[in-house]
Amino acid sequence: LLKLGVMASGSGSNFEAIAQAIADQKLKAQVQVLLYNNPGAKAAARAEQWGIPSVLLNHREFANREALDAAIVETLQQHDVEWVIMAGWMRIVTPVLINAFPRRILNIHPSLLPSFKGNRAVEQALAAGVKITGCTVHRVVTEVDSGDIIVQAAVPVLPDDTLETLHDRIHIQEHRIFPQAIALAAQGQ
Ligand code: GAR
């Protein structure tokens with residue numbers, strides 16, 4: 001049983017997809033804790049519905065990224081977490097977190113990396129006029145949106161797409177590949 005700690009900043013639909021995959025016995029894991037950084041994030045309400053403990057670590061209350069990450073590490077360790085799952089975590093992480101869980105931190109990004117790194121990846125893809133984009137699950141290293149790619153899925157960009165319609169279509173693929181990627185990464189693939 002993989003002991004997961006999930007980190008989310010907003011809606012938490014990827015967190016929910018992981019919880020659902022576990023409930024459906026498609027992923028042999030357990031979510032030990034949900035960490036979130038924005039008060040009122042919908043992810044926290046989802047955690048409550050699943051009976052998963054959640055902890056708010058509001059980045060605005062920390063002096064710098066390292067101080068936030070130190071609190072994250074402490075909370076994850078307190079909850080006996082082995083694998084860290086960044087599911088819509090919108091903060092840059094530092095070696096303080098990365099070195100505490102070597103090769104055991106995964107992130108999901110809404111583009112086919114290495115294209116469109118950073119914030120607003122879906123917006124970047126629309127602006128670039130690409131006809132295919134998608135999503136990527138990768139290991140987290142200090143360089144943002146780099147690190148070994150575990151799984152990717154392609155998503156077509158349709159002529160009438162808006163940010164919202166395209167991101168909705170990407171989300172569907174994210175929810176499918178994230179549980180798979182966690183299992184594959186844990187198997188060392
Ligand atoms: C997801 O599309 C994820 O790929 C993206 O935020 C969304 C979170 O959705 N992450 C990033 O852009 C990371 N830079 P969710 O809260 O519904 O899971």
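Note that ligands are numbered from 1 as they come in the structure, with each ligand's atoms numbered from 1 the same way. All figures in this text were calculated on a predicted structure; none of them were measured in a lab.
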Ignoring hydrogens and geometry beyond distance, is a side-chain donor-acceptor pair present between Ser9 and Asn37 at under 3.5 Å? yes
Could you give the side-chain donor-acceptor pairs of residues 67-78 under 3.5 Å, partners two or more places apart or in another chain?
unit_1: Asp69; atom_1: OD2; unit_2: Thr94; atom_2: N; d: 2.7
unit_1: Asp69; atom_1: OD2; unit_2: Thr94; atom_2: OG1; d: 2.7
unit_1: Thr75; atom_1: OG1; unit_2: Ala71; atom_2: O; d: 2.8

Do you see a donor-acceptor pair shorter than 3.5 Å between the side chains of Asn14 and Glu174? yes
Heavy-atom side-chain contact between Val144 and Lys117 under 4.5 Å: no
Any side-chain donor near an acceptor of the partner, Gln49 and Arg46, under 3.5 Å: no
For ligand 1, would you mind listing the residues that have at least one heavy atom less than 4.0 Å away, ordered by chain and number? Ser11, Gly12, Ser13, Asn14, Gly88, Met90, Ile108, His109, Pro110, His167, His171, Glu174
Pair Trp50-Gln20, side-chain hydrogen bond (donor to acceptor under 3.5 Å, both in side chains): steps then yes or no: CA-CA 9 Å; Trp50 282 93; Gln20 189 65 58; 5.7 Å; no
